[in-house]
Amino acid sequence: MWRIWRRVGSLSPLFSSPKSSILRQDLIQAPYRLNFLGILSTENGTPATIGFFSKEKTPFIAFVLGGPGSGKGTQCAKIAEAFGFTHLSAGDLLRKEISSNSENGAMILATITEGKIVPSGVTIKLIRREMESIENNKFLIDGFPRSEENRIAFERITGVEPNIVLFFDCPEDEMVKRVLGRKQGRVDDNIDTIKKRLKVFAALNLPVINHYTRRGKVYKINAVGTIDEVFEKVRQVFDDCKQMIK
Ligand SMILES: Nc1ncnc2c1ncn2[C@@H]1O[C@H](COP(=O)(O)OP(=O)(O)OP(=O)(O)O)[C@@H](O)[C@H]1O
Ligand SMILES: Nc1ccn([C@H]2C[C@H](O)[C@@H](COP(=O)(O)O)O2)c(=O)n1
Ligand SMILES: [Mg+2]
């Protein structure tokens, strides 16, 4: 089983307050603490790593990034069908939390309505829960990481980096047009929130894409064109990566 949650490295004793994050309660069985960014650290403040996966069974992970309305969800559905991936949308998982009246529902709703980013611990917990419950070794993680804080927290907690990162590059006016035309009743599909989301994308998500570009992991796809035209470019990426995908 690749779904083995194991501890990597030796870590110092926990000191914590009782009202702690979901991360510590649910992800952490051993003596760690969270720093002010919500990132695990040891007692002396150095980042700690807890692996999600056993080495032999680490899944193939593709992060799927792009601005609001760039077509991430649309293309992920097609990739999942054509290449047998499980599609996990961070936004969909957060919306499900809102509709299930979970303890974080109100906070998530307020954050999404403002076009801001939900704390990493909350989102990673939801992603982890899905990855644990699904028997697949190929995951598309859509809309995550949205910020360097998301990215660093995920890498520290899982001990892995994505195998590849798809970046759907789309002009802002096209993204606005698509989001306003979506008509799925999303609280954030209005012009005021879209403007905020575009700003958050440029300020917080582009640095993540730049980081993975430096790591040689980014496949930048021009998202302009019909859905099928864009998918042909995506298909080429996955065909080229076939050897890497178990
Ligand atoms: N290539 C395309 N051409 C025209 N419309 C598209 C294209 N791709 C997706 N759309 C439409 O644009 C809208 C937004 O697409 P989608 O939901 O896939 O974007 P997204 O990147 O997941 O956005 P968000 O980050 O807001 O979830 C949908 O209504 C979708 O049908
Ligand atoms: N990693 C994430 C992903 C999503 N969110 C919040 C903020 C987004 O505006 C909203 C909708 O996501 P989408 O469906 O557009 O991918 O969900 C977040 O806080 N952190
Ligand atoms: Mg989406």
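Every number for a ligand or one of its atoms is a count from 1 in the order of the listing.
- Phe154 is not listed as a side-chain neighbour of Thr123, based on a closest heavy-atom distance of 4.5 Å or more.
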Side-chain polar contacts of residues 222-229 - donor-acceptor pairs under 3.5 angstrom, sequence neighbours left out - could you list them?
unit_1 : atom_1 : unit_2 : atom_2 : d
Asn222 : OD1    : Val224 : N      : 3.0
Thr226 : OG1    : Glu229 : N      : 3.0
Asp228 : OD1    : Lys78  : NZ     : 3.3
Glu229 : OE1    : Thr226 : N      : 2.9

Ligand 2: which protein N/O atoms lie under 3.5 Å from its N/O atoms?
unit_1   : atom_1 : unit_2 : atom_2 : d
ligand 2 : 1 (N)  : Gly143 : O      : 3.1
ligand 2 : 1 (N)  : Asn150 : OD1    : 3.1
ligand 2 : 12 (O) : Arg146 : NH2    : 3.2
ligand 2 : 14 (O) : Arg95  : NH1    : 3.1
ligand 2 : 14 (O) : Arg95  : NH2    : 2.9
ligand 2 : 14 (O) : Arg186 : NH1    : 3.3
ligand 2 : 14 (O) : Arg186 : NH2    : 3.3
ligand 2 : 15 (O) : Arg146 : NH2    : 3.1
ligand 2 : 15 (O) : Arg186 : NH2    : 3.1
ligand 2 : 15 (O) : Arg197 : NH2    : 3.2
ligand 2 : 16 (O) : Arg146 : NH1    : 3.0
ligand 2 : 16 (O) : Arg146 : NH2    : 3.2
ligand 2 : 19 (O) : Val118 : N      : 2.6

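- The pair Arg129-Glu97 counts as a salt bridge, with a side-chain nitrogen and a carboxylate oxygen less than 4.0 angstrom apart.
- Looking at heavy atoms from C-beta onward, Arg95 lies out of side-chain contact with Ser100 at the 4.5 angstrom threshold.
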Between ligand 1 and the protein, which N/O pairs fall short of 3.5 Å?
unit_1   : atom_1 : unit_2 : atom_2 : d
ligand 1 : 1 (N)  : Arg178 : NH2    : 3.4
ligand 1 : 1 (N)  : Gly225 : O      : 2.8
ligand 1 : 3 (N)  : Gly225 : O      : 3.4
ligand 1 : 17 (O) : Arg182 : NH1    : 2.8
ligand 1 : 18 (O) : Gly73  : N      : 3.4
ligand 1 : 18 (O) : Thr74  : N      : 2.8
ligand 1 : 18 (O) : Thr74  : OG1    : 2.5
ligand 1 : 19 (O) : Gly71  : N      : 3.3
ligand 1 : 21 (O) : Ser70  : N      : 3.3
ligand 1 : 21 (O) : Gly71  : N      : 3.0
ligand 1 : 21 (O) : Lys72  : N      : 2.9
ligand 1 : 21 (O) : Lys72  : NZ     : 2.9
ligand 1 : 22 (O) : Gly73  : N      : 3.0
ligand 1 : 23 (O) : Gly69  : N      : 2.9
ligand 1 : 23 (O) : Arg182 : NH1    : 3.1
ligand 1 : 25 (O) : Lys72  : NZ     : 2.7
ligand 1 : 26 (O) : Arg182 : NH1    : 3.2
ligand 1 : 26 (O) : Arg182 : NH2    : 2.8
ligand 1 : 26 (O) : Arg186 : NH2    : 3.4
ligand 1 : 26 (O) : Arg197 : NH2    : 2.7
ligand 1 : 27 (O) : Arg182 : NH1    : 3.4
ligand 1 : 27 (O) : Arg186 : NH1    : 2.9

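- Under the 4.5 angstrom side-chain criterion for Ile, Leu, Val, Met, Phe, Trp and Tyr, the cluster partners of Met175 are Val176, Val179, Leu180, Ile191, Ile194, Leu198.
- Using a 4.5 Å heavy-atom cutoff, the side chains of Leu65 and Leu166 are not in contact.
- With contacts defined as side-chain heavy-atom distances shorter than 4.5 Å, the pair Lys138/Thr86 does not qualify.
- Under the salt bridge (Lys or Arg N to Asp or Glu O under 4.0 Å) test applied with Asp189, the options Lys177, Arg178, Arg197 reduce to a single match, Arg197.
- Counting heavy-atom neighbours within 6.0 Å of Glu232 CD, excluding the residue itself, gives a total above 12.
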